[in-house]
Amino acid sequence: MTMDLVSIIIGFVAGAAVALALYIFIRRRILKGKQDEIIQKAEVEAEKIRNEKILQAKEKFLNLKAEHEQVISEKNAQIREAESRVRQKENTLNQKLSEVDRKRQEVENIKSSVKGQQDAYQRKSEELDRRMGELNRQIENIAGMSAADAKNLLMENMKAEARSEAQAYINDTIDEARLNAAKEAKRIVINTIQRTATETAIENAVTTFPIDNDEIKGRIIGREGRNIRALEAATGVEIVVDDTPDAILLSAFDPVRREVARLALHQLVLDGRIHPARIEEVVTKVQKQLEEEILETGKRTCIDLGIHGMSMELVRLIGRMKYRSSYGQNLLQHSREVANICAIMASELGLNPKIAKRAGLLHDIGKVSEDDPDLPHALLGMKLAEQYKEKPEICNAIGSHHEEIEMTSLYSPIVLVGDAISGARPGARREVIESYIKRLKGMEDLAASYPGVTKSYAIQAGRELRVIVGADEITDGEAEELSGTIAKRIQDEMTYPGQVKITVIRETRSVAYAK
């Protein structure tokens, strides 16, 4: 019985062992099946992701070479997003499964797959140049034009863009030129002086004294020229006695000295007594007479204009204006015109016409002063006005009438405009009416010679040229370019006083009638 019990126990243990082994075997088979299924799903999904990435990469390969780096950056961002999704799936699998090592291996497999895609990008980038060439040929076939035609079209577009940029550069250059306008204006004035110095010297520095015969000319010269030397020493005027019949030339820059010499010669010739002592006596007498006449001229001018309370020194300087000229225009007459013009404009503007008239009369007083020749005449005139207690607005108007200082008074621009009006009046200065009309006509014809110009007008005594162009023929940019072109041509080809303002007008008008 004991043997039977042992046999039963052994059989039971053996059956249990067999059952346990069977259980373990079956359990391992089940776990292995699940593991294979999970691995297969992960591989399918990884393959799907890899195929999807490859497809996207192939689509990006057709982009231009300039966008290649941007494509790579975008793909790297997509890769990072894929990695993030993989990590999220890994966390989910870790929660469901205890086999962390296997899932990490799967993630590494996916990373390897992605790295393979990057290698593919590298290989594809090497083919990009070849694909670009093929793409260019395809574009030529589709567009129906060759690369040369496309290049010509591009060049035309670039030319238009270059013209626009060039005009912008011209505008910047013009702005810079305005900043240097004072320097350029001085250069132009110097060039003008060089061209006209001889003519100006002859017209403004020489007075002709007529004589009846050569006997009088000999008496004026005197024995060994002592009379003429005495006359030159007394008057400060150079006396030119040459082969000119019936005339002696009195040469000096100071018009008052020339007038003294002329009057003294006139009295000496009438008196008949010509010798050094008599010459000194007559010159001294004439100088006193002329000073009295200058003072009387200044007083009479102030009375005529209704100006009172002015310093006698300023009145004397006003009288000296009678013997000065500017561009052939008598300075006193010019100052009287400016005074009247300023008074009229001040009255219209509701300002004090007496102050404006006073400032207009004194605006060129610096031209007849014998002090501080280094200063411009406007600043010198302002200094004189301040010295003789003129009002601040009058002093500022005198000093700023050529814009050499800032205008701080309402009377200053009135004096500036009045001076310009008087000087620009046709016939006021050294320019006969025929040459004046010819110059204006030449400016108008020059502007009309350009295509697109319909009309041209020279106004303000030739100081402004207005050019009207057709709106359908010339653009705004071309109109601006035309104004600069005309200005440069006028500067190069024509002679004109001051400066000329060129205004190009482009206007579009649409008119309709309701019937």
Side-chain angles (χ1 to χ4, degrees), residues 152-185 187-189 191-192 195-196 327 403 416-417 419-513:
N152 292 334
L153 180 61
L154 179 60
M155 288 179 63
E156 291 297 327
N157 294 334
M158 290 179 67
K159 286 180 181 178
E161 183 179 357
R163 281 194 293 268
S164 177
E165 293 179 355
Q167 187 60 42
Y169 176 75
I170 290 172
N171 294 338
D172 294 340
T173 305
I174 291 174
D175 292 339
E176 182 180 356
R178 289 194 181 101
L179 296 178
N180 299 324
K183 181 178 179 181
E184 182 65 16
R187 185 188 66 80
I188 294 174
V189 169
N191 291 339
T192 304
R195 292 197 303 266
T196 62
Y327 296 98
E403 300 183 283
L416 185 150
V417 173
D419 180 42
I421 292 173
S422 176
R425 174 174 58 81
R429 295 188 171 178
R430 190 195 307 115
E431 185 176 31
V432 296
I433 190 65
E434 291 82 3
S435 62
Y436 169 77
I437 295 175
K438 183 179 179 180
R439 178 166 61 86
L440 298 192
K441 185 68 167 58
M443 292 172 60
E444 293 176 350
D445 292 342
L446 186 148
S449 64
Y450 287 89
V453 176
T454 57
K455 295 179 181 179
S456 60
Y457 301 97
I459 61 176
Q460 295 186 4
R463 296 195 178 193
E464 182 175 356
L465 179 64
R466 294 190 178 175
V467 183
I468 302 176
V469 298
D472 54 343
E473 298 181 16
I474 293 181
T475 64
D476 288 339
E478 292 172 342
E480 188 172 0
E481 182 180 354
L482 178 62
S483 64
T485 303
I486 294 176
K488 186 176 185 306
R489 187 173 171 190
I490 289 177
Q491 182 175 343
D492 294 340
E493 299 181 7
M494 302 189 68
T495 302
Y496 52 91
Q499 64 181 9
V500 180
K501 177 183 178 183
I502 290 85
T503 303
V504 177
I505 302 172
R506 178 181 180 269
E507 183 181 22
T508 302
R509 295 188 182 184
S510 300
V511 181
Y513 297 93

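Every value quoted in this text rests on a predicted model; they were computed, and no experiment measured them.
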Residues 466-473 side chain polar contacts: donor-acceptor under 3.5 Å, at least two apart:
{"from": "Arg466", "atom 1": "NE", "to": "Glu464", "atom 2": "OE2", "distance (Å)": "2.9"}

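Note that OG1 of Thr503 and CD1 of Ile459 are 7.5 Å apart. Values are rounded to the nearest 0.5 Å. Rounding to the nearest 0.5 angstrom, the gap separating the CD atom in Glu480 from the OG1 atom in Thr475 is 10.0 Å. Atoms NZ and CD1, from Lys488 and Ile502 in turn, are 13.0 Å apart once rounded to the nearest 0.5 Å.
When every heavy atom of Val453 is checked against every heavy atom of Ala448, the shortest pair comes out as CG1-CA, 4.0 Å. Minimum heavy-atom separation, Ala447 to Leu465: CB-CD2, 3.9 Å.
Applying the side chain to side chain donor-acceptor pair (under 3.5 Å) test to every pair with at least one member in residues 442-454, sequence neighbours left out, gives these pairs: Lys441-Asp445, Ser449-Arg489.
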